Amino acid sequence: MRAIWDIFCHVVDNFGDIGVTWRLAQQLASEYDFDVHLWVSDMSAFRRICPQAETASSLPLTQQGVKVYHWTDDNIPVRAADVVIEAFACQLPKPYIALMAQKSPAPLWLNLEYLSAEDWVEGCHGLPSPQPDKLEKYFFFPGFTAQTGGLIREHNLICRRQQFQQSPHAINTFLHQLGVSPAPDAMLISLFAYENKALASWLDSLASASRPTHVLVPEGRILADVANWLEVPALATGDHFSRGALDIQVLPFISQSDYDRLLWSCDFNAVRGEDSFVRAQWAGRPFIWHIYQQENDTHLEKLDAFLHRYTQGLPAEVAEPLRALWQAWNSEGNMGENWHTLLAQWPHLISHAEEWCGKQQKVTNLAKSLAQFYQIRV
Amino acid sequence: MKTAQEMKPNSVALIDGQPWLVLKAEYTKSGRNTAIMKMKLRNLLTGSTTETVYKFDDKLEQVTLDKVDVTYSYYSEPNYVFVDEEYNQYELNKDDIESVLPFIVDGMTDTCEAVFFEGKVISVDLPTTIVRQIDYTEGSARGDTSGKVMKPAKLSNGTEVKVADFCEIGDWIEIDTRTGEYKSRAKAPV
């Protein structure tokens, strides 16, 4: 009998919660043959990242082998699953915990934590968190080393990505579907970020550069800053503006698979949060990360922890401007000078992005480590 | 009930009817303004130890413990011996006092608190601030007088503490026992 997995996703803000849990749910269902039920607090967020669900009217939706439920106070599972994941420390409903306590054997209860590159993660990954009624919860940390749960990476992802990137026809066809026709010598950049005051200095720099740049902006929180820089009241899907050497084009909010292809198509990707941050690494292209801002600048420590890992092996003349650019992007700094310095090191950056991807590919992926964690305890 | 982040070393949490002594508690900021508490616990009934993680706001039932003022007397392998005002002796091994062990030195006069669970001594608390003498440190490298530049120093029991660059061998310093950090230079205890 297939093991039942309930994954609870409380959508707090943005699309990170649902982005991560939806990818994970699909992989657990398709590659490990688990009966996966995804409980989502905000179905509109789910429908945005899974447009195929737009047309489905009845719940639960069955998408990619995953049953997707709207999680409300009145709508929770009527039985406890074999494996229960509370994503990003969301609070499980008390009646559901009571069901878990009645189940024999007790379910495997996992708190899937946030991604961090900090060293302490290894010491906390997989540790128990004893709960009342003999229930034992475990903390499960994604991460960048073998002592963590790894990153979400579907079977054949890198192979599919490489095949796509080796086919100019595939790239052009995809971009054409999005209505994108960059100049042949243009650098193509995707821009997905939170509100960011550092953007203006970067766009200034791109507009005044000798090489043309084409920036693709999927709908999202950065649009208002782009509009400010363009000195237009607002932006909408399909808008296209030119300023000097810079073209800016607004894209619709696209599905996860199309977003992957967008990352694969671009020369440089600006990403944010957790889900797109991981996908940019699998794209094997240079990127910049806008990290989720936290109180007391905690996010800057987490940014440094990742940079420390990512820049290992890079010569100082590449690592330093890269670090400076990322810090400027996350601290409202000036991007222009750092960007130009980094452009001079571009071949290094390209090869390093692919090397990093290869290095991370050797670490087990998150779905596999979850499945193994479960199998060991069955 | 206490939140996990309120649990400190020497607190005892009742988890599923079992009393667990907190040996270590580390607060770490996780994602999106949340945090976790990693704790090393010892079961007071079985003696087994375990490492656990809780969300910072998880609720834990805290057991109120009896406490008696004691002073450190001597070490008699494998136990550290403390005495109260009535010269009752309490013996604790290094695992019992893991969190304060770095600050136990011969001749210390601090008034400590012996902690009891169901009549049995289980650990010792030190005062929040203690005064210790520097046994060894390198000379001032940069002539800094601000106290912002730090260097390593050793206490007589070998414990290493980061102290202000201007501190010298033989100086007395205040240490925060919650963090193990140097606070300031101090006068010799009388």
Side-chain angles (χ1 to χ4, degrees), chain A residues 10-14 16-17 20 86-92 94 101 106 110-143 194 273-275 277 291-302 305, chain B residues 1-9 11-63 98-99 117 162 178-181:
Chain A
H10 180 60
V11 178
V12 177
D13 55 12
N14 308 311
D17 309 279
V20 169
E86 53 179 41
F88 305 114
C90 72
Q91 204 70 43
L92 294 186
K94 284 182 180 167
L110 299 163
N111 172 29
L112 179 62
E113 269 288 338
Y114 296 91
L115 173 62
S116 170
E118 292 163 294
D119 291 341
W120 60 263
V121 167
E122 293 181 351
C124 292
H125 172 62
L127 287 184
S129 181
Q131 302 291 313
D133 297 320
K134 308 284 181 208
L135 288 169
E136 190 148 65
K137 178 160 74 177
Y138 294 87
F139 274 60
F140 213 87
F141 286 84
Y194 306 113
E274 184 163 325
D275 185 51
F277 169 53
I291 190 170
Y292 190 97
Q293 194 162 358
Q294 295 199 55
E295 293 164 357
N296 304 318
D297 286 342
T298 301
H299 57 289
L300 296 182
E301 292 170 29
K302 296 175 186 297
Chain B
M1 300 290 262
K2 292 260 185 187
T3 61
Q5 71 170 332
E6 292 174 305
M7 301 301 285
K8 309 289 182 210
S11 303
V12 174
L14 203 62
I15 301 169
D16 253 350
Q18 299 276 307
W20 292 88
L21 174 71
V22 179
L23 300 173
K24 273 187 191 171
E26 293 169 10
Y27 175 91
T28 305
K29 288 179 179 170
S30 179
R32 206 156 52 194
N33 298 316
T34 63
I36 60 162
M37 289 296 297
K38 181 182 180 185
M39 292 193 267
K40 186 174 179 186
L41 306 175
R42 191 171 75 239
N43 189 310
L44 292 176
L45 300 180
T46 66
S48 65
T49 59
T50 186
E51 283 193 313
T52 65
V53 185
Y54 284 97
K55 297 179 197 172
F56 76 106
D57 56 353
D58 272 349
K59 300 280 195 302
L60 295 169
E61 189 176 344
Q62 189 178 16
V63 178
E98 184 179 345
S99 63
F117 178 70
K162 288 265 193 297
R178 294 168 301 184
T179 60
E181 289 172 359

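A, B, ... follow the sequence lines: proteins, then strands. Residue 1 opens every chain. Here the structure is a predicted model, which is why all the values come from computation and not from measurement.
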Practice item. Enter the distance from B:Tyr54:OH to A:Leu127:CG here, rounded to the nearest 0.5 Å. Key: 11.0 Å
Check your understanding: Taking C-beta and beyond as the side chain, do B:Trp20 and B:Ser11 meet within less than 4.5 Å on heavy atoms?
Key -> no
Point to revise | A:Glu113 CD to A:Phe140 CZ distance, which is reported to the nearest 0.5 Å | key: 12.5 Å
Check your understanding: Relative to chain B, which segment of A:Asp13 carries a heavy atom at a distance below 4.5 Å: side chain, backbone, both, or neither?
Key -> both
Study note, to complete from the structure: Bottom line for A:Glu136: the part with an atom under 4.5 Å from chain B's heavy atoms is neither
Exercise for review: Check each atom of A:Ser116 against the heavy atoms of chain B and say whether the ones under 4.5 Å are side chain, backbone, both or neither.
Suggested key: neither
Point to revise | Contact class of A:Glu274 relative to chain B, heavy atoms under 4.5 angstrom | key: neither
Review point. Which atoms of A:Glu295 come close to chain B, meaning under 4.5 Å heavy atom to heavy atom: side chain ones, backbone ones, both, or neither?
Key: both
Point to revise | Segment of A:Tyr138 engaging chain B (4.5 angstrom heavy-atom cut-off) | key: neither
Review point. Is any residue of residues 26-42 of chain B within less than 4.5 Å of chain A by heavy atoms, and which ones?
Key: B:Thr28, B:Lys29, B:Ser30, B:Gly31, B:Arg32, B:Asn33, B:Thr34, B:Ile36, B:Lys38
Point to revise | Spacing of B:Lys2 atom NZ and B:Asp58 atom CG [to the nearest 0.5 Å] | key: 15.5 Å
Revision key, fill the gap. d(A:Gln91 CD, A:Glu86 CD) to nearest 0.5 Å is 7.0 Å
**Study point:** Distance, nearest 0.5 Å, that separates CD of A:Gln131 from NZ of B:Lys59
**Key:** 12.5 Å
**Study point:** Pairwise distance CZ(A:Phe139) to OG(A:Ser129) - rounded to 0.5 angstrom
**Key:** 4.5 Å
Check your understanding: Are the side chain of A:Asn111 and the backbone of A:Ala89 linked by a donor-acceptor contact shorter than 3.5 Å?
Key -> yes
Review point. How far apart are the closest heavy atoms of B:Thr50 and A:Pro128, and which atoms are they?
Key: OG1-CG, 4.4 Å
